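The structure appears below as structure tokens.
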Amino acid sequence: MSVVRARAAAKINLHLGVGAVREDGYHELCTVYQAVSLFDRVAAEPWSTWRVETRTEPYVDRSAVPMTNGNIVTRAGALLAELHGVEQRGDLVVDKAIPVAGGLAGGSADAAATLVVLDKLWGLRTPLDQLIELAVQLGSDVPFALLGGTGHGAGRGEIVEAVLDPGEWWWVVVPQRQGLSTPAVYRHFDDMVPDAGAPASSDKVMAALDTGDPRELARALHNDLQRPVFDLRPDLRNLITLGESEGALRGMVSGSGPTCVFLCEDELHADTVADGLRYTGHVTALIATGPAPGPVAE
Ligand code: ATP
């Protein structure tokens, strides 16, 4: 076997309830993730050392992606090798379509895809629960990225349960040139909400998912980080208003931003909203549908 590949899906938080900061510095979350069809691609070949090549779509800032050593995919590979006590290394090519530091967990998706790709390349057949343990060490969003689909996240987001999501949801995704640091957004949340208690419940979103009706889901979408993100990036408030005036059912900041996502009725409607946004100068308006599957090694 020479090259093994997998797709790595971006995620949108349909619900992001943020609670008080914990003693370990993380925030208690109640979140509902949905993986969507905006994919990075990870390909791996055996190699004597770690080597990571990143290739990017024009709207993705390649300079913001760390080289081999700082890249999360190298950490993922090293953890997998360590778990099995093997000496293997790999040559990894990461094609990035997910904006960096965009609130879409692109790095987490790459890490999850790398675990499944190297597991297959090295013939390890690691059980899913062990891969999830490695994912938890790599980051709060990585366990969900391994599973894909739609999931409920508790703890710092790493305790994930699959959610039945029979709908087909259409999104317009508008990336930004300049990313936002997730820790900086959480710090700003703490400044703005010093008395945060338990995270807001996701019941409304869970009920809306059951209906399969995008208008219901549009009403239920919730992101506690949107206010601090708007405070740091006031231009995004206008973008949300613009997308909604172009007909989107609802616009929202994705996770810790700054990517904005717009829920639409169906594919045709998403096309129309994306065209409207492009016409008003937002040249990059991508269309994605969810739920999308987790990484499968091929
Ligand atoms: P999250 O919502 O999980 O914080 P995000 O979408 O805001 O994620 P990512 O694109 O996952 O942010 O990247 C966060 C940081 O991780 C980047 O600023 C970058 O320095 C670092 N990083 C390491 N490896 C990667 C990778 N393969 N792709 C993107 N970023 C990476």
Side-chain angles (χ1 to χ4, degrees), residues 6-14 16 18 25-27 29 31-36 38-44 50-57 59-79 90 92-115 117-118 135-136 138-146 151 153 156-158 160 173-189 223-226 228-229 232-233 236 252-261 286 288 295:
R7 295 189 306 185
K11 63 83 184 146
I12 291 173
N13 298 85
L14 307 178
L16 181 52
V18 181
Y26 290 102
H27 289 75
L29 301 184
T31 189
V32 180
Y33 301 103
Q34 185 175 80
V36 298
L38 173 61
F39 296 109
D40 286 355
R41 289 182 162 75
V42 176
W50 289 114
R51 193 168 71 174
V52 178
E53 182 191 350
T54 304
R55 303 188 297 211
T56 49
E57 292 293 326
Y59 57 85
V60 177
D61 180 5
R62 194 159 76 95
S63 68
V65 183
M67 315 284 275
T68 302
N69 283 338
N71 201 298
I72 192 168
V73 298
T74 315
R75 277 184 55 219
L79 276 182
L92 297 160
V93 178
V94 185
D95 284 297
K96 288 196 73 71
I98 306 175
V100 182
L104 298 169
S108 303
D110 296 349
T114 300
L115 289 176
V117 157
L118 291 178
V136 170
L138 287 161
S140 304
D141 292 341
V142 185
F144 170 72
L146 258 184
R156 57 181 164 93
E158 88 286 18
V160 182
V173 178
V174 182
Q176 304 296 308
R177 282 211 170 279
Q178 190 72 42
L180 265 179
S181 141
T182 303
V185 172
Y186 274 100
R187 276 198 300 276
H188 205 58
F189 171 87
N223 181 1
D224 278 335
L225 293 182
Q226 181 157 292
V229 169
L232 294 166
R233 291 283 301 274
L236 297 180
M252 183 179 64
V253 167
S254 176
S256 57
T259 306
C260 291
V261 294
L286 312 165

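When a ligand or atom number is given, it counts from 1 through the structure's own listing order. Just the heavy atoms: all of them, side chains too, but no hydrogens, waters or symmetry mates, feed the values below. Values in this document were obtained by computation on a predicted structure and should not be read as measured data.
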*asked:* Distance under 4.0 Å to a non-hydrogen atom of Ala64: what atoms of ligand 1 satisfy this?
replied: 19 (C), 20 (O)

*Look only at interatomic distance and state if Pro66 has a nitrogen or oxygen under 3.5 Å from any nitrogen or oxygen of ligand 1.*
no

*asked:* As an exercise, identify every atom of ligand 1 less than 4.0 angstrom from a heavy atom of Leu104.
replied: 6 (O)

_Shortest non-hydrogen contact from Ala135 toward Pro143_ = CB-N, 3.7 Å

*May I ask you to identify, for Asp110, whether its side chain, its backbone, both or neither come under 4.0 Å of ligand 1 on a heavy-atom basis?*
side chain

_Is any side-chain heavy atom of Val185 closer than 4.5 Å to one of Leu232?_
yes

*Within a distance under 4.0 Å of any heavy atom of Lys96, pick out the atoms of ligand 1 and give their elements.*
28 (N), 29 (C)

*asked:* Check for me whether Val100 has a heavy atom closer than 4.0 Å to any atom of ligand 1.
replied: yes

*Looking at ligand 1, does any of its N/O atoms fall within less than 3.5 Å of an N/O of Gly257?*
no

_Please report whether ligand 1 has a polar contact with Ile72, defined as an N or O pair separated by less than 3.5 Å (distance criterion only)._
yes

*asked:* Over 60° means perpendicular and under 30° means parallel, so tell me whether His27 and Phe189 are parallel, tilted or perpendicular.
replied: perpendicular

*Short list, please: which atoms of ligand 1 are under 4.0 Å from a heavy atom of Gly107?*
9 (P), 10 (O), 11 (O), 26 (C), 28 (N), 29 (C)

*Heavy atoms only: which of Asp141, Leu180, Val60 is nearest to atom 2 (O) of ligand 1?*
Asp141

*Please tell me if the side chains of Leu115 and Leu138 come closer than 4.5 Å, counting only heavy atoms from C-beta onward.*
yes

*Any idea which atoms of ligand 1 are less than 4.0 Å away from a heavy-atom of Thr182?*
1 (P), 4 (O), 7 (O)

_My understanding is that only residues two or more places apart in sequence, or in another chain, count here; which of them pass salt bridge (Lys or Arg N to Asp or Glu O under 4.0 Å) with Arg187?_
none

_Side chain Asn223, main chain Val253, donor-acceptor under 3.5 Å_ = yes

*Would a 4.5 Å heavy-atom cut-off, applied to side chains only, mark Asp224 and Leu16 as touching?*
no

_Would Ala101 count as a contact residue for ligand 1, given that I'm defining contact as a non-hydrogen atom of the residue lying under 4.0 Å from a ligand atom?_
yes

*Taking all non-hydrogen atoms of both residues into account, name the closest pair between Ala101 and Pro258 and its distance.*
O-CD, 3.4 Å

*asked:* Under a 3.5 Å distance rule, please check whether Thr259 uses its side chain to pair with a backbone N or O of Gly102 as donor and acceptor.
replied: yes

_Filter on side chain to side chain donor-acceptor pair (under 3.5 Å), then keep only pairs touching residues 98-111, sequence neighbours left out; what's left?_
Lys96-Asp110

_Judged on heavy-atom distance to atom 6 (O) of ligand 1, which of Ala111, Ala105, Ala113 sits nearest?_
Ala105

_Show the atoms of ligand 1 that are less than 4.0 angstrom away from any heavy atom in Gly103._
2 (O), 5 (P), 6 (O), 7 (O)

*Return a yes/no value: protein heavy atom under 4.0 Å from atom 22 (N) of ligand 1?*
yes

*Is the shortest N/O to N/O distance between Val73 and ligand 1 below 3.5 Å?*
no

*How about atom 26 (C) of ligand 1: does it have a protein heavy atom within less than 4.0 Å?*
yes

*Are side-chain heavy atoms of Trp50 and Leu92 found at a separation under 4.5 Å?*
yes

